[in-house]
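Notes to accompany the following structure.
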Amino acid sequence: TLTTLVVADWKDIAGEIPTCVTALPSLRILDLIGNKLSGEIPADVGKLSRLTVLNLADNALSGKIPASITQLGSLKHLDLSNNQLCGEIPEDFGNLAMLSRMLLSRNQLTGKIPVSVSKIYRLADLDLSANRLSGSVPFELGTMPVLSTLNLDSNSLEGLIPSSLLSNGGMGILNLSRNGFEGSIPDVFGSHSYFMALDLSFNNLKGRVPSSLASAKFIGHLDLSHN
């Protein structure tokens, strides 16, 4: 029984992902990164109940993220970045309780960031950058216990920056640049603040630079330009 299927960076593997892949019940790792795969992700990918790694990044996949993907209860690593995926992120993405990395950047995803994502207790790395996401950022994202990298740059997000994102002591990399965020930067920094990178550039932010920023323990890279 096949548990691992890796066809990575062959560059010339083209065509669609064969639907028979979803008939491999023991499959734990499906890694097809860096090829020329096109067409849609198989609709019944959710049948791969033991899957822990799904990496389809750097291909030419199109269509929507299949609704059944939220049935992959064992999934720890999901990378669909740099494709041509469209439509909304499934509302019940929070069902992926074991997920630690969720990388969906550089697609054409629309709609809002599902609030349910904040229920993924183990999620450490969330990258939704370079899509067409809109609406406001759920406050709950800032209350996630192990989220340390959050990349939401280059979307059409708007509203106020949730103070929870800046006051979360575990957040190390936060990129909200190139959106439509308004209002002032929340004045919630403190001795717990440790940012390797904090980028709020290219938004519509106003007001003063927060005075509490001076009390931050560490900020390696700070960009507040073009506001």
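Keep in mind it's a predicted model, so treat the numbers as computed, not measured.
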Quick check against the 3.5 Å criterion: does [X] have a side-chain atom that pairs as donor or acceptor with the backbone of [Y]?
| X | Y | answer |
| --- | --- | --- |
| S100 | K76 | yes |
| D199 | S201 | yes |
| H192 | S167 | yes |
| N179 | S177 | yes |
| S129 | L152 | no |
| D187 | F189 | no |
| D153 | N151 | no |
| N204 | E182 | no |
| N203 | F181 | yes |

Value rounded to 0.5 Å, distance of [atom1] in [X] from [atom2] in [Y]:
| X | Y | atom1 | atom2 | answer |
| --- | --- | --- | --- | --- |
| T70 | I89 | OG1 | CD1 | 12.5 Å |
| D31 | L5 | CG | CG | 9.0 Å |
| L213 | F195 | CG | CZ | 9.0 Å |
| M171 | Y194 | CE | OH | 16.0 Å |
| S148 | L174 | OG | CG | 11.5 Å |
| L126 | S105 | CG | OG | 10.5 Å |

Checklist entry - Can N82 and D58 be counted as having a side-chain donor-acceptor contact under 3.5 angstrom? => result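 On atom types as modelled, these side chains qualify, holding a pair under 3.5 Å.
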
Checklist entry - Under 3.5 Å, is there a donor-acceptor pair linking the side chains of S68 and D44? => result no

Hydrophobic cluster membership, [X] vs [Y], 4.5 Å side-chain cutoff:
| X | Y | answer |
| --- | --- | --- |
| L165 | L123 | yes |
| L61 | I13 | yes |
| I173 | V146 | no |
| V21 | L32 | yes |
| L30 | L103 | no |

Item to check | salt bridge (Lys or Arg N to Asp or Glu O under 4.0 Å) against K36, all qualifying residues, sequence neighbours excluded | outcome: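 By the salt bridge (Lys or Arg N to Asp or Glu O under 4.0 Å) rule, K36 matches D12.
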
Checklist entry - In a check of side chain to side chain contact (heavy atoms under 4.5 Å, CB included) between L85 and each of N59, N131, I41, L104, which one passes? => result I41

Checklist entry - Which residues, ordered by chain and number, are linked to V115 in its hydrophobic cluster, where ILVMFWY side chains connect at heavy-atom gaps below 4.5 Å, directly or through other members? => result none

Next on the checklist: side-chain contact (heavy atoms from CB on, under 4.5 Å), that's the test. Do I17 and L56 meet it? Break it down for me.
Outcome noted: CA-CA 10 Å; I17 299 172; L56 305 177; 4.1 Å; yes

Next on the checklist: side-chain contact (heavy atoms from CB on, under 4.5 Å), that's the test. Do L99 and Y121 meet it? Break it down for me.
Outcome noted: CA-CA 8 Å; L99 204 60; Y121 185 84; over 6 Å; no

Next on the checklist: With side-chain contact (heavy atoms from CB on, under 4.5 Å) as the criterion, how do L72 and L96 come out once you've worked through the C-alpha distance, each side chain's angles and the decisive distance to 0.1 Å?
Outcome noted: CA-CA 6 Å; L72 298 173; L96 298 173; 4.1 Å; yes

Checklist outcome for this item: Given the options T149, D127, N55, D125, R101 meets side chain to side chain donor-acceptor pair (under 3.5 Å) only with D125

I want to check something: taking the side chain as every heavy atom from C-beta on, are [X] and [Y] in contact at a cut-off of under 4.5 Å?
| X | Y | answer |
| --- | --- | --- |
| K206 | N227 | no |
| L27 | L2 | yes |
| L133 | T110 | no |
| L222 | L200 | no |
| V209 | L224 | yes |
| V6 | I33 | no |
| L160 | S136 | no |
| F202 | S154 | no |

Checklist entry - Just wondering, more than 12 heavy atoms not from R106 lying within 6.0 Å of its CZ? => result yes

Next on the checklist: Under the criterion side-chain contact (heavy atoms from CB on, under 4.5 Å), I'd like the reasoning laid out for L109 against L128: C-alpha separation, chi angles, the key distance, then a yes or no.
Outcome noted: CA-CA 9 Å; L109 300 171; L128 305 178; 5.7 Å; no

Checklist entry - Any salt bridge (charged side-chain N to carboxylate O under 4.0 Å, His left out) pairs touching residues 77-92, not counting sequence neighbours? => result none

